[in-house]
Every structure is written in C-alpha cells, then in structure tokens.
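What follows is a set of notes on a single structure, which appears directly below.
As the structure is a computational prediction, the values presented were derived from the model and not from experiment. Sequence lines set the chain letters: A, B, ... in the order given, protein chains first and strands last, and positions in each chain run from 1.
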Amino acid sequence: MASSSEPLPGTSDLWEPEVGDWVALEAAARRVFGAYGYGELRTPIFERTDVFVRSIGDETEVVQKEMYTFEDRGGRSLTLRPEGTAGVIRAVANSGLNQGDEKRVFYMGPMFRGERPAAGRRRQFHQIGVEAVGPRDPVIDAECIAMFVQFLDEIGVTGSRVMLNTRGLGEDRAQVNAALRAFFAPRAAEMCEDCQRRLDTNVLRMLDCKNEACQAIVVDAPKMIDLVCDESRAFFASVCSSLDQLGVDYELAPRLVRGLDYYIHTVFEVTHSGLGAQDALAGGGRYLIVPPGANKPVDGVGFATGMERLLMARQSLGLAQTARPEADVYVVSLGETSVAPGLALAQEIRRSDLGLRVRAETSGRSMKAQMRTANRLGARLVLIQGESELAAGEVVCKNMASSEQVSVPRAGALAWLRTNA
RNA sequence: GUGGUUGUAGCUCAGUUGGUUAGAGCGCCUGGUUGUGGCCCAGGAGGUCGGGGGUUCGAGUCCCCUCAUCCACCCCA
C-alpha cells in the first residue's frame, strides 16, 4: 500500500460511519456520568513532563519507555499525555482545591504511549475517564465502580467482570514489600528473569506476572489484604460492603496491583473476554498525588476506560454498527441554468428547522447519474427542479422508497418535506 | 525493544514446479430510457504486484534488506 499517506503506526483515521459509534459512546458517557454529578473537564493534550513523571512514578513502565517526550523551543521537556489522571489533578490543583472540597470530573480524548500496536493497543488511543478528587471516602470508590457498570449496561456491553483489590496505604508499602520479598526470595531461582529483577525493583509487580512458572508460585504468596494495616483493611471492607449495597457484582483479585505508583487502597480492573490478549476494559482505583508546585498530596479515586476496547467488546457481542446514510435529501438540477436555483433550494432547506442533511447537484450531470448519486447517498427524498419546473414555478418531489412523486409549487417544497421526511 | 504473520485494482481476494500484454467478485463511470435510482444487460476506467537490491534468458512467484499491517511477549486502556 502507499506508505507516505498512511497514518503513523498505531494511529488511524476514523471515518463515518464508525465515527457515529464513537459519538454515541461519548454521548452515553456524558449522560451517565452527568447523572452522578460529574462535569466534563478538558485538559491539554500535552503537559510538562514532570506532571506525569512525578505522579505516575519514574520507575513505572509507562514513564520509562512509553512516553512521547520532546523539547519545545524554550528547551522545556513536554510530554503527550499517556493517561488522564495526572493532568486532571494538575488542573484541579490549579483551580484551587480547599479542604473539604470535592471535584467530580470526567474527560474523554486521546492518550499517547509509544508501544508496539496489537489488538486493543494503539499508540494514540482514546479514553473516557472519571475522577472524584477530594474526600477519601470508600463509598465514593464503590459508587465510581457502580457508575462504570451502569455505563457498560447502557451501551450494551455484557459479560464483563469487575476485579477488586487493595494496595494499602503508602505507609504500608515498606512492610508489604518486605513481606513479599521474604516470601519470594527463596523461590526466585524458579521464576522468570523479569521477576528476578523485580525482586529488587518492584516486588509488587511479581504478583501479577503472567509467566506460568511464576503464577504457580504466586498462588501461595501472602495476600495484600493480609499484609496491609488495619485502617486499609477497614477501608477495603467498606468498599466491598458499599458495592454489595449498590448491587454490583465483583470478584476479589488478591494479585491485582496495577502499574502506576500513585494508587493507594482500592484498585480495580474490569475485564472482558471479547478483547484478545489485552482484556482490560477499564482500570482505576484510589490515589494520592502531589500536584506540581504543591507540597500536600491530593486524594482522589477514578478510572479510565478505553474507547477502542469498548467498541471491540460491542463488536464481539455482535452489536451492529450504526451505519447511517450520508444525506436525507438530494436536489436534482437539469440543465446549466437550473444548477444555481437548485443550490438555492438546497440552502433554503438547510436553513430551515427541518434538520435534514441536503446534497445538491453542482455540475449539471445527466438525470440518471444524479438519481444514482441520490440512491448511493441513501437520500430518502429527492427534489427535482429542472428547467421546465423552473419555468412553471414548481418542484417535483419524489419519495425514493415508494417511487411516488408529485409536483408542488416551489413555495410548497418545504411543506412537502415537512410532512414526508 | 523481541518473536511470528501478512502486504497483488477503491474494497475482499485468486494467481498453478519462476514463462508471453496480471485476474475475479464487489464498488465506480458510461450506455440500454432525448428528464428518473435500486434489479438486469452491455461496455469502460482503474494496478510502480508495499519499496529497494540480487539470482535468472525471464521474477507477482526465489534470496537479502527495508517499510507497513495484524498478532503475541513486556505492559496496559
């Protein structure tokens, strides 16, 4: 295929009618999240690099090898956002967050990670995310998950699973790591290379290694819930009971840890079997992030879901795409002198309150060619205004489905459309 | 970053052990109706066989390199 006109690897052009599916998804998100009192926030697509490094964690996979980072003309290091939370926290802090304030926001848009593309993984991908910033309240964690479940329900995605775990508080980290190291150290020799390295760099991650040999060992590893402090245990119990009350089904996933450093307490992932190797439909949890320029951390809970993956899930369920015709009305002109009047007629319809999508002949082709075009565009109605109609001050109005057509006075064309559209 | 897969017309794909001007279906255009679409019929346009190099009398077919696709690993949405 032609190479220079192709989009960059891991990116793509999105055309109708697929765009219609995306718009529908976005509309559903706005409706559902709005119903929970969340408002839309649009943050920049790039930020100072440290906005991401400091909140996501400089030891994480995302920061170490996946970010699109560049220098601007002033020599500042900037980065295309690899996820949404860091920017939202920066924006919330910038807008002023008083003690006791709660900011509920959602966002949607492109994110960028320099990974190798695969099923459900793109370099430019699109997330819809939600953040409740302010209170550290387990009920909000539960409500957040319930909200996403409702969203899935409304867009017809069935068969997903909610996986839930806790990471404990930051203060637990040293103790948790020590306990896990004590468990893994004697068995490290039997585990994969990555895990042997992780023993020193990131013990937590050993818990969700997918290597078979490692999994056999991990099964017997101490569970997070048993390693964290009493406060964390109580918090987690509260999240679970709230979910029960909200009627949300979930599964405990003792080995779920997630890849970003800012998480505390609740972490969750929603998986779906129709996605391929990357089976996460959404992921999120509670976090503690120090916004740039601040010295006090900000509490929050949220999640992000991948639009591409939501669409994949829908497709795996056989949910039809919403193909829609390109036009509702086509205006046919016959003869050079009738083209301009035809365009004027089209303009009149477009300016009316009918809300019809109108295409009109611009180059004076044969009637057959124009009718074919009208048919191809999916136009339900055709208005024919040739030279003889112009002379008589009339318009021939045709219903494509029934093939019936009538001649009406030019002034009555809009009225005909109103009753036949 | 590693491994595998695929790359022929706008789309989906054929293309026999390398052999003359590269094919089909769909789509598109024109005509069959001096002003009427869909169905049908006839005709037509459209291809640097992803790109570069090599082997050969001869390469879409074989070899090397490169680019891109899809998938998997890593990790994640």
Tell me, which pairs form a ring-ring contact (aromatic ring centres under 6.0 Å, His included) where one or both residues lie in residues 252-276 of chain A, sequence neighbours left out? A/Phe235-A/His265, A/Tyr262-A/Tyr287

Compute whether any side-chain donor of one residue and acceptor of the other, for A/Ser407 and A/Glu389, lie under 3.5 angstrom apart. no

Pick base, sugar-phosphate or nothing for A/Gly114, based on heavy-atom distances below 4.0 Å to the nucleic acid. nothing

Could you state the atom-to-atom distance from CG of A/Leu256 to C1' of B/rC76 in whole Å? 12 Å

Donor-acceptor pair, side chain of A/Arg205 and main chain of A/Gly259, under 3.5 angstrom: yes

Does A/Arg42 have any side-chain hydrogen bond (donor to acceptor under 3.5 Å, both in side chains) partners at least two apart in sequence or in another chain, and if so, which? A/Glu40

Would you indicate what A/Pro9 reaches in the nucleic acid, counting non-hydrogen atoms under 4.0 angstrom: base, sugar-phosphate, or nothing? sugar-phosphate

Write down the distance separating the P atoms in B/rU69 and B/rG31, rounded off to the nearest Å. 41 Å

Quote, to the nearest angstrom, the C1' distance that separates B/rC67 from B/rC26. 29 Å

A/Glu6 atom CD is separated from B/rG10 atom P, nearest whole Å, by 13 Å

N or O in side chain of A/Arg197 less than 4.0 angstrom from B/rC74 OP1/OP2: no

Could you go through residues 106-116 of chain A and list every donor-acceptor pair under 3.5 Å that involves a side-chain atom there, pairing it with any protein atom two or more places apart or in another chain?
from: A/Arg113; atom 1: NE; to: A/Pro82; atom 2: O; distance (Å): 2.8
from: A/Arg113; atom 1: NH2; to: A/Pro82; atom 2: O; distance (Å): 3.0

How far, in whole Å, is B/rG18 from B/rG54 if one measures between their C1' atoms? 15 Å

Touch class at under 4.0 angstrom, heavy-atom based, for A/Gly120 against every strand present: base

Heavy atoms only, 4.0 Å cut-off, all strands: where does A/Arg258 land among base, sugar-phosphate and nothing? sugar-phosphate

Would you tabulate the pairs of protein nitrogen or oxygen atoms and nucleotide nitrogen or oxygen atoms of nucleotides 36-41 of chain B closer than 3.5 angstrom?
from: B/rU36; atom 1: O2; to: A/Lys398; atom 2: NZ; distance (Å): 3.0
from: B/rU36; atom 1: N3; to: A/Gln405; atom 2: OE1; distance (Å): 3.0
from: B/rU36; atom 1: N3; to: A/Gln405; atom 2: NE2; distance (Å): 3.4
from: B/rU36; atom 1: O4; to: A/Gln405; atom 2: NE2; distance (Å): 2.7
from: B/rG37; atom 1: O2'; to: A/Asn375; atom 2: ND2; distance (Å): 3.2
from: B/rG37; atom 1: O6; to: A/Met400; atom 2: O; distance (Å): 3.4
from: B/rG37; atom 1: O6; to: A/Ser403; atom 2: OG; distance (Å): 2.0
from: B/rG37; atom 1: N1; to: A/Met400; atom 2: O; distance (Å): 2.4
from: B/rG37; atom 1: N2; to: A/Asn375; atom 2: OD1; distance (Å): 3.3
from: B/rG37; atom 1: N2; to: A/Met400; atom 2: O; distance (Å): 3.2
from: B/rG37; atom 1: N3; to: A/Asn375; atom 2: OD1; distance (Å): 3.3
from: B/rG38; atom 1: O4'; to: A/Asn375; atom 2: ND2; distance (Å): 3.1
from: B/rG38; atom 1: O6; to: A/Ser403; atom 2: OG; distance (Å): 2.8

With a 4.0 Å cut-off on heavy atoms, is A/Ala282 in touch with a base, just the backbone sugar-phosphate, or nothing at all? sugar-phosphate

Can you tell me, in whole Å, how much space there is between the P of B/rG23 and that of B/rG37? 33 Å

With sequence neighbours excluded, tell me which residues meet side-chain contact (heavy atoms from CB on, under 4.5 Å) with A/Thr362. A/Leu343

Expressed as a whole number of Å, how far does the C1' atom of B/rA24 sit from that of B/rA9? 11 Å

Using the P atom as the point on both nucleotides, what is the distance between B/rG3 and B/rC64, in whole Å? 15 Å

Pair up each side-chain donor or acceptor in residues 138-150 of chain A with any protein partner under 3.5 Å, not counting sequence neighbours, and list the distances.
from: A/Asp141; atom 1: OD1; to: A/Arg286; atom 2: NE; distance (Å): 2.9
from: A/Asp141; atom 1: OD1; to: A/Arg286; atom 2: NH2; distance (Å): 2.7
from: A/Asp141; atom 1: OD2; to: A/Thr266; atom 2: OG1; distance (Å): 2.6
from: A/Asp141; atom 1: OD2; to: A/Arg286; atom 2: NE; distance (Å): 3.1
from: A/Glu143; atom 1: OE1; to: A/Arg104; atom 2: NH1; distance (Å): 3.2
from: A/Glu143; atom 1: OE1; to: A/Arg104; atom 2: NH2; distance (Å): 3.0
from: A/Gln150; atom 1: OE1; to: A/Tyr36; atom 2: OH; distance (Å): 2.7
from: A/Gln150; atom 1: NE2; to: A/Glu154; atom 2: OE2; distance (Å): 3.2

The side-chain hydrogen bond (donor to acceptor under 3.5 Å, both in side chains) partners of A/Arg350 (sequence neighbours excluded) come to A/Gln347

Got a sec, which residues hit side-chain contact (heavy atoms from CB on, under 4.5 Å) with A/Pro297, two or more places apart in sequence or on another chain? A/Leu288, A/Val290

Counting runs of three or more consecutive pairs, Watson-Crick or G-U wobble, with each distance below 3.5 Å, where are the stems of RNA chain B? B:1-4 with B:70-73, B:10-13 with B:23-26, B:28-32 with B:40-44, B:50-54 with B:62-66

Under the side-chain contact (heavy atoms from CB on, under 4.5 Å) rule, collect the residues that match up with A/Asp244, sequence neighbours excluded. A/Tyr250

By nearest nucleotide on RNA chain B, pick out whichever of A/Gly386 and A/Arg113 is the more 5' one. A/Gly386

Rounded to the Å, how far apart are A/Glu66 CD and B/rC76 C1'? 7 Å

Using a cutoff of under 3.5 Å, can you pull out all pairs of nitrogen or oxygen atoms linking the protein to nucleotides 1-6 of chain B, with atom names and distances?
from: B/rU2; atom 1: O4; to: A/Arg116; atom 2: NE; distance (Å): 3.1
from: B/rU2; atom 1: O4; to: A/Arg116; atom 2: NH2; distance (Å): 3.4

Nucleotide B/rA77, atom C1' - distance to CG of A/Leu275 in whole Å: 10 Å

B/rG25 and B/rG15, which share atom name C1', separated by this distance in whole Å: 15 Å

Looking at A/His126, is its backbone amide N or carbonyl O close enough to the side chain of A/Glu308 to form a donor-acceptor pair, meaning the two atoms are under 3.5 Å apart? yes

Where at least one partner belongs to residues 213-225 of chain A, residue pairs that pass side-chain hydrogen bond (donor to acceptor under 3.5 Å, both in side chains), sequence neighbours excluded: none

Per atom distances to the A/Asp208 side chain, the nearest of B/rA72, B/rC76, B/rA68 is B/rC76

Does a distance-only test, which skips hydrogens and angles, find a donor-acceptor pair under 3.5 Å between the side chain of A/Arg309 and the base of B/rC76? yes

If you find the nucleotide of RNA chain B closest to A/Glu83 and the one closest to A/Thr11, which residue's nucleotide is nearer the 5' end? A/Thr11

Is it true that A/Arg380 and A/Asp328 have a side-chain N and a carboxylate O under 4.0 angstrom from each other? yes

May I have the step-by-step check of side-chain contact (heavy atoms from CB on, under 4.5 Å) for A/Phe184 and A/Ile217, ending in yes or no? CA-CA 8 Å; A/Phe184 283 122; A/Ile217 292 169; 4.1 Å; yes

Spacing of A/Phe303 atom CZ relative to B/rA77 atom P, expressed in whole Å: 13 Å

Write down the distance separating the C1' atoms in B/rA14 and B/rU61, rounded off to the nearest Å. 14 Å

Expressed as a whole number of angstroms, how long is the span from A/Arg123:CZ to B/rA68:C1'? 11 Å

When we call it a touch if two heavy atoms are under 4.0 Å apart, what does A/Glu61 touch: a base, just sugar-phosphate, or nothing? sugar-phosphate

Just how far, in rounded Å, is P of B/rU30 from CD of A/Gln370? 11 Å

Between CH2 of A/Trp22 and C1' of B/rA77 the distance, given in whole Å, is 11 Å

